[in-house]
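Every chain is numbered from 1, with letters handed out A, B, ... down the list of sequences.
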Amino acid sequence: MKPTAAEQTEKPAHFIRKIIADDVAAGHTTVRTRFPPEPNGYLHIGHAKSICLNFSMAQEFGGACNLRFDDTNPEKEEDEFIQAIQQDVRWLGFEWDGAPRYASGYFDQLHEWAVHLIKHGKAYVCHLSAEETRAYRGTLTEPGRDSPYRNRSVEENLALFEQMRRGELPEGTCVLRAKIDMAAPNINMRDPTMYRIRHAHHHQTGDKWKIYPTYDFAHGQSDAIEGITHSLCTLEFEDHRPLYEWYLSNLPVPSMPRQYEFARLNLNYTVVSKRKLKQLVSEKHVSGWDDPRMPTLSGLRRRGYTPASIRAFCDLVGVTRSEGVVDVGMLEFAIRDDLDKQAPRAMCVLAPLKVTITNFDASVLEHFTAQLHPQKPEMGTRELPFTRELYIDRNDFRETAEKDFKRLVLGQEVRLRNAYVIRANEVVRGADGQIVELKCTYDPDTRGKNPSDGRKVKGVIHWVSAAHCLDVEVRLYDRLFTVEFPEEDKSKTFLDFINPQSLTILKGCKAEPSLARATPDTRYQFEREGYFCADSVESQPGQLVFNRTIGLRDSFGK
RNA sequence: UGGGGCGUCGCCAAGUGGUAAGGCAGCGGGUUUUGAUCCCGCCAUUCGGAGGUUCGAAUCCUUCCGCCCCAGCCA
């Protein structure tokens, strides 16, 4: 059998891999990377790219990868997210080195380093208000002006910073800034803020701190403390690299990490922004962070995506510096590719139409043994009860049809998958004219073989025994947004493009009896329909709920 | 009009001076008791445009065009 994308061992030689390989060849014996999420939301498919990159680089080069919570902004962060992030990283198949790290774990050291910069005349306490600071910063085309507080004495700065630390100053009173260059063309170098006053409770450090470092003042030093060799981040941080390096070279840090930037993942027909995902959840457009329509890892998991398929997808997409938009079709390919090889087959009728086999005795019960996987007999078999009354899908029957319709047509034959060939003889209608039943006859000579008279039966449809099938609920998912780029139209909000048909709930679906023991971790292929798994939160034994992960590729177009 | 990036097939992406990989999607055909899978074939005389250097350029130079990021006491 052809290897799946997930089994592909030859990894493409992207630029990060080359840089690291060169460093290793040049004598770097320790490769250490880190995945540094801020615990202010759930992880999504975009994070998966970063996770796969960081962990796989460490794995490939015999190094280690840390998990570090970038928790410098207590007001936006929660412990719930810390737990969820750990679960998602593990689910994806990675294990970080040692215990999870926290930027907040370095607050003492960071504070000490801030004092160090003050003592060296490289940082000062600035009392400009936020608005004034903005005005002094200049614009993209005009240089900024020096703050009037820029030349305070070391002693005064030390005293003021200590007051900030003790919580003696109200929020917003002042900030600690690095003294770099207010005329720098790179705005990040115009005396960036290092510390701001926040009288906030921190999920890790409690009420110990009244001042919190900014991302820029925390990230590089945290990397240095942990001995990170390659600090991989997304393109928007490229302009921060000079500042990242400025702090490292002006502080007595224990190591010199290097920052490299790659393009973040963009997917069409969805949004991959924590802020927007959070909005979908809080405004109840979806049932939660783990709604199967969400591009979050927890949503994809509940939907039925496998970790291997997401890893394969990340490999497929590659790592470059050019930002593009990946077609969701590639994600769908990755999951179909994986599931086709793994998923046991089963039959489930989504839109049941009763069929009576008039020449089959009502007192008879036959059994067919069907393979769980057509290409993998080693996966085993299951039993299919066959009786006089069956269900087939309404979409698989037409009273008249063109020759390209390869299913059941009145007066013609079709094969019931794993069972007999039947012929539709008569349509039974309800009071409203709706077809409620089909009267058919079966050909006993077609069990496990084609008609011996050489008749050609082209179509094959799935079915279920009416007396033995399970009544189940099936949820079909479509893309969450109706347009490729929901964020593109600036005159509207992405919420205007939510697909009202993104969720279709089907009740009264008829599943073959072997599905009674379905659990969320077994993904099935419902033959001719797609890949499904029991919903991890709402499916119960006896009241099964299946999520359609993804439909089968369909060249006919239902 | 400042700074930093990016532009190779509809999408992703190799290629870094020697004459355009691969994947996704699409389109033909074959196998098939899943219109699935699998198999075979097709799918960029051309690399954002224009000049130039060179025996030779997607790769070097010049210039132009387009797109993205940066003016949080967010990350």
Side-chain angles (χ1 to χ4, degrees), chain A residues 1-2 5 8 12-14 36-38 40 70 72-73 75-76 126 128-130 133-135 137-144 171-177 184-190 192-198 211-212 214-216 218-219 233-242 261 263 268 274-275 315-334 336-337 340-341 345 347 370 373-375 404-407 414-421 446 448-450 457-462 525-530 551-558:
Chain A
M1 190 174 291
K2 201 183 101 177
Q8 219 56 252
H14 61 244
E38 182 188 11
N40 66 345
D70 221 336
T72 56
N73 189 1
E75 290 161 323
K76 293 186 176 176
C126 179
L128 249 26
S129 68
T133 303
R134 193 184 317 129
R137 186 154 35 226
T139 68
L140 294 178
T141 54
E142 302 156 14
E171 292 188 8
T173 306
C174 54
V175 296
L176 182 70
R177 294 225 253 168
N186 180 342
I187 294 180
N188 291 304
M189 300 301 271
R190 320 240 262 229
T193 300
M194 293 164 56
Y195 269 94
R196 67 287 209 187
I197 301 171
R198 284 286 179 284
I211 56 174
Y212 291 94
T214 57
Y215 163 85
D216 286 308
H219 204 92
C233 63
T234 45
L235 251 26
E236 66 268 26
F237 291 101
E238 187 159 20
D239 289 340
H240 293 245
R241 193 172 64 225
E261 312 85 18
N268 59 10
K274 256 194 254 179
R275 201 207 106 233
D315 281 338
L316 242 30
V317 160
V319 179
T320 69
R321 289 177 61 85
S322 63
E323 50 221 287
V325 181
V326 175
D327 196 296
V328 281
M330 226 183 274
L331 215 209
E332 297 176 347
F333 163 79
R336 283 196 189 101
D337 190 43
D340 173 60
K341 310 297 188 295
R345 308 292 114 134
M347 292 194 285
H373 188 113
Q375 278 86 237
D404 67 338
F405 185 75
K406 312 199 315 190
R407 308 176 198 177
V414 78
R415 161 136 247 143
L416 292 183
R417 166 126 252 239
N418 296 121
Y420 298 113
V421 166
T446 54
K449 61 173 191 164
N450 286 320
V457 179
K458 56 283 163 223
V460 180
I461 64 174
H462 54 107
Q525 183 196 96
F526 289 176
E527 289 187 296
R528 304 210 315 126
E529 289 291 353
L552 249 31
R553 210 165 144 264
D554 184 4
S555 55
F556 182 68
K558 289 183 181 179

Nearest-angstrom distance from the residue atom [atom1] of [X] to [atom2] of [N]:
X	N	atom1	atom2	result
A:F526	B:rG35	CZ	C1'	19 Å
A:H373	B:rA36	NE2	C1'	10 Å
A:E261	B:rA75	CD	P	18 Å
A:M347	B:rU33	CE	C1'	11 Å
A:D340	B:rU34	CG	C1'	10 Å
A:E75	B:rG72	CD	P	18 Å
A:D337	B:rG22	CG	P	18 Å
A:H14	B:rC12	NE2	C1'	15 Å

[N] base to [X] side chain: any donor-acceptor pair below 3.5 Å?
X	N	value
A:D554	B:rG35	no
A:R134	B:rG72	no
A:E529	B:rU34	no

Need one value for [X]: base, sugar-phosphate or nothing, where a base atom within 4.0 Å counts as base even if backbone is also close, heavy atoms only.
X	answer
A:K76	sugar-phosphate
A:P374	base
A:A419	base
A:G448	base
A:T72	sugar-phosphate
A:D70	sugar-phosphate
A:G172	base
A:Y212	nothing
A:N73	sugar-phosphate
A:V457	nothing
A:T446	base
A:V317	sugar-phosphate
A:H219	nothing
A:R336	nothing

Which of these nucleotides, [options], is closest to any side-chain atom of [X]?
X	options	value
A:M330	B:rG35, B:rC70, B:rG23	B:rG23
A:Q525	B:rU34, B:rA71, B:rC73	B:rU34
A:E527	B:rU34, B:rG2, B:rC68	B:rU34
A:A130	B:rG23, B:rC73, B:rU34	B:rC73
A:K341	B:rU37, B:rG3, B:rA71	B:rU37
A:R415	B:rA75, B:rU33, B:rA36	B:rU33
A:Q375	B:rU37, B:rC12, B:rC74	B:rU37
A:V460	B:rA75, B:rG4, B:rU33	B:rU33
A:E238	B:rU37, B:rA75, B:rG4	B:rG4
A:R321	B:rU1, B:rC6, B:rA36	B:rC6

Taking atom [atom1] in both [N] and [M], compute the distance separating them and give it to the nearest angstrom.
N	M	atom1	value
B:rU59	B:rC9	P	15 Å
B:rU32	B:rC39	C1'	11 Å
B:rA44	B:rC12	C1'	15 Å

Less than 4.5 Å apart, side chain to side chain, heavy atoms only: is that true for [X] and [Y]?
X	Y	answer
A:L552	A:Q525	yes
A:R198	A:I211	no
A:R407	A:F556	yes
A:D327	A:E332	no
A:T173	A:I197	yes

With a cut-off of less than 4.0 Å, is there a side-chain N or O of [X] near OP1 or OP2 of [N]?
X	N	answer
A:S322	B:rG5	no
A:R417	B:rG35	no
A:R553	B:rU37	yes
A:R137	B:rG72	yes
A:R198	B:rC74	yes

Taken to the nearest 0.5 Å, the spacing of A:R196 CZ from A:T72 OG1 works out to 5.5 Å
In the strands shown, is [N] matched to any nucleotide by a Watson-Crick or G-U wobble pair with both distances under 3.5 Å, and which?
N	answer
B:rU59	none
B:rC42	B:rG26
B:rG7	B:rC65

Assert: residue with more 5' nearest nucleotide on RNA chain B, out of A:V326 and A:L128, is A:V326
Contacts of A:T193 and A:T320 projected onto RNA chain B by closest heavy atom; the upstream (5') one is A:T320
All heavy atoms of A:E38 vs all of A:D70, minimum pair found to be CG-O, 3.4 Å
Closest non-hydrogen atoms of A:T139 and A:R190, given as atom of the first, atom of the second and distance, are O-NH2, 2.6 Å
So does A:E238 pair up with A:R321, basic N to acidic O under 4.0 Å?
yes
Tell me whether the rings of A:Y215 and A:H240 are parallel (<30°), tilted (30 to 60°) or perpendicular (>60°). perpendicular
B:rG72 glycosidic conformation (syn if within 90° of 0, otherwise anti) is syn
